[in-house]
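The next block holds one structure in the form of structure tokens; read it before the comments.
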2 protein chains.
Amino acid sequence: MPATHPRQQVDTRQRILDVAERLVQSRGFKGFSYADVAAELGITKASLHYHFPGKAELGEALIVRYGARFMDALEELDGRVSDPRAKLEGYAGLYAGVLRGKRMCLCGILAAEYETLPPPMRAAVVRFFDENEVWLARVLAQGRSDATLSFDGSPSEAAQAIISGLEGAMLVARPYDDLARFQSAAARLLSGLST
Amino acid sequence: MPATHPRQQVDTRQRILDVAERLVQSRGFKGFSYADVAAELGITKASLHYHFPGKAELGEALIVRYGARFMDALEELDGRVSDPRAKLEGYAGLYAGVLRGKRMCLCGILAAEYETLPPPMRAAVVRFFDENEVWLARVLAQGRSDATLSFDGSPSEAAQAIISGLEGAMLVARPYDDLARFQSAAARLLSGLST
DNA sequence: GTCTATAGGCAGATAGAC
DNA sequence: GTCTATCTGCCTATAGAC
């Protein structure tokens, strides 16, 4: 089966996304420029515009890819472990992995810049949080039904608290460059759900 | 007792800080410009540079004033209520008040932009979190000693979890423009500390 | 696909008159 | 203290050659 796109173009597109993703996760969407990405890849700014017409389209593509990868990781987690409690630990571990790379969650940092984002990017950020909430709520509901987890309120509410708790833990841990600070807060979040 | 500075200058300086503070809390530090502030106050950009030589100095002054006001509010809270549990609710209420004004915590949004901040601003952001942690840890220690609160680990660790939990709850609630979402997460954070 | 060249705008900042 | 005028630099984006 032939590739649907010329290989070189696809590779360049992915490399652009890789560099831009790292820059956004560390410096924010307004904190990086086409010039930054171009310089790092050894190409020109004009070439970037061939792959992504504008910064808004690049930003949207970043969120879509990031969200898809995150969902893939959650599916992989579903296949690997069945215990709800272990799934939650795996979920927190995904965040820890991001922070280990000195990065903030892409959608967490974009949430901070939400007011200045173009509407398509705003919608994609909210979609990311919604998808996470759905996955977490399912795990929480399962855990409650088999009595491995215990919590007040609806699974969705509890899921929202986990998401915001982990995002906040990343946000604050990063200035301190202190992974343990994140781990401590994350463990505390999940321990409240144990039976 | 005469004012140490001419009244008009002081007022202008405060009005600059007021406008800039609101802009940073909604759009971020890189999301506003001297032109924005000047236009809103009906003065010129050049006048702003008289009061604050550069954006870095303006930003630092913003954090210092914000932190001082926050600490004042905590002192007022200490004088008004004595029950540790009520103090924590009052603490979360301060965050809720900020969010009600469609704003993010100043230092929370600056934490997201941390990598791009000038060093003096970085130090001031960390100082803000540290001061909050000290206050919270004292309340938590008191609550544990009089058995009105219960938690694992050190008061400082628990304090860090509260700060990051509330910051994250604001961060995520804002794209949804949903105060209830924040309140739900905040209540869940504090309920885990009750006896 | 990638380049050179450039447009057009906005950013932070300064000089100097009043 | 505030103004006008201006500078320099970086930004996103486009035109058109190769």
Side-chain angles (χ1 to χ4, degrees), chain A residues 2-21 23-24 26-63 110 113 115-122, chain B residues 2-21 23-24 26-63 110 113 115-122:
Chain A
T4 52
H5 300 286
R7 173 178 305 277
Q8 200 52 43
Q9 173 176 355
V10 171
D11 284 351
T12 299
R13 186 188 159 91
Q14 294 303 319
R15 287 171 64 215
I16 292 168
L17 289 171
D18 289 342
V19 172
E21 184 181 74
L23 289 172
V24 174
S26 62
R27 305 173 49 86
F29 190 66
K30 307 203 74 151
F32 87 102
S33 69
Y34 267 43
D36 295 330
V37 179
E40 197 157 331
L41 290 176
I43 60 178
T44 61
K45 291 182 288 173
S47 292
L48 289 185
H49 283 283
Y50 169 80
H51 296 278
F52 301 96
K55 209 182 175 188
E57 288 77 20
L58 172 56
E60 194 183 350
L62 283 175
I63 307 169
L110 291 178
E113 301 181 275
E115 290 294 317
T116 67
L117 296 182
M121 287 185 67
R122 289 190 187 193
Chain B
T4 52
H5 300 286
R7 173 177 304 278
Q8 200 54 43
Q9 173 177 354
V10 172
D11 285 352
T12 299
R13 186 187 160 90
Q14 294 303 319
R15 286 171 63 215
I16 292 169
L17 289 171
D18 289 342
V19 171
E21 184 181 73
L23 289 172
V24 174
S26 61
R27 305 174 48 87
F29 190 66
K30 307 203 73 150
F32 87 100
S33 70
Y34 266 45
D36 295 330
V37 179
E40 196 157 332
L41 290 177
I43 61 179
T44 62
K45 290 186 291 174
S47 291
L48 289 185
H49 284 283
Y50 169 80
H51 296 278
F52 301 96
K55 210 182 175 188
E57 288 77 19
L58 171 56
E60 195 183 348
L62 282 175
I63 307 170
L110 291 178
E113 302 181 275
E115 290 294 316
T116 67
L117 296 182
M121 286 185 67
R122 291 190 185 192

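Each chain gets a letter, A, B and so on, in the order its sequence line appears, and its residues count up from 1. Nothing here was measured: the structure is a model prediction, and the numbers come from that model.
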*Which of the following nucleotides, D/dC3, C/dC3, C/dT2, is nearest to the side chain of A/T44?*
C/dC3
*Starting at atom CZ of B/F52, determine the distance to atom C1' of C/dT14, rounded to an integer number of angstrom.*
18 Å
*Can you name the side chain to side chain contact (heavy atoms under 4.5 Å, CB included) partners of A/E60, sequence neighbours left out?*
A/P120, A/M121
*Closest approach of B/H51 and B/R13, non-hydrogen atoms and distance?*
O-NH1, 3.8 Å
_Quick check: do A/Y34 and A/L58 have side-chain heavy atoms less than 4.5 Å from each other?_
yes
*asked:* What is the distance, to the nearest angstrom, from the CG atom on B/D11 to the P atom on D/dT2?
replied: 10 Å
_Rounded interatomic separation in angstrom, taking CG from B/L48 and C1' from D/dC3_ = 13 Å
Report, one pair per line, the protein and nucleotides 11-15 of chain D atoms (nitrogen or oxygen only) whose separation is under 3.5 Å.
from: D/dC11; atom 1: OP1; to: A/S33; atom 2: OG; distance (Å): 3.3
from: D/dT12; atom 1: OP1; to: A/K55; atom 2: NZ; distance (Å): 3.1
from: D/dT12; atom 1: OP2; to: A/Y34; atom 2: N; distance (Å): 3.1
from: D/dA13; atom 1: OP2; to: A/K55; atom 2: N; distance (Å): 2.8
from: D/dA13; atom 1: N7; to: A/H49; atom 2: NE2; distance (Å): 3.3

*Search all heavy atoms of B/V24 against all heavy atoms of B/F29 and return the closest pair with its distance.*
CG1-N, 4.1 Å
_Less than 4.5 Å apart, side chain to side chain, heavy atoms only: is that true for B/Q14 and B/D11?_
no
*Any idea which heavy atoms bring A/L41 and A/R15 closest together, and the distance?*
CD2-NH2, 3.8 Å
*In whole Å, what is the span from the OH atom of B/Y50 to the C1' atom of D/dC3?*
14 Å
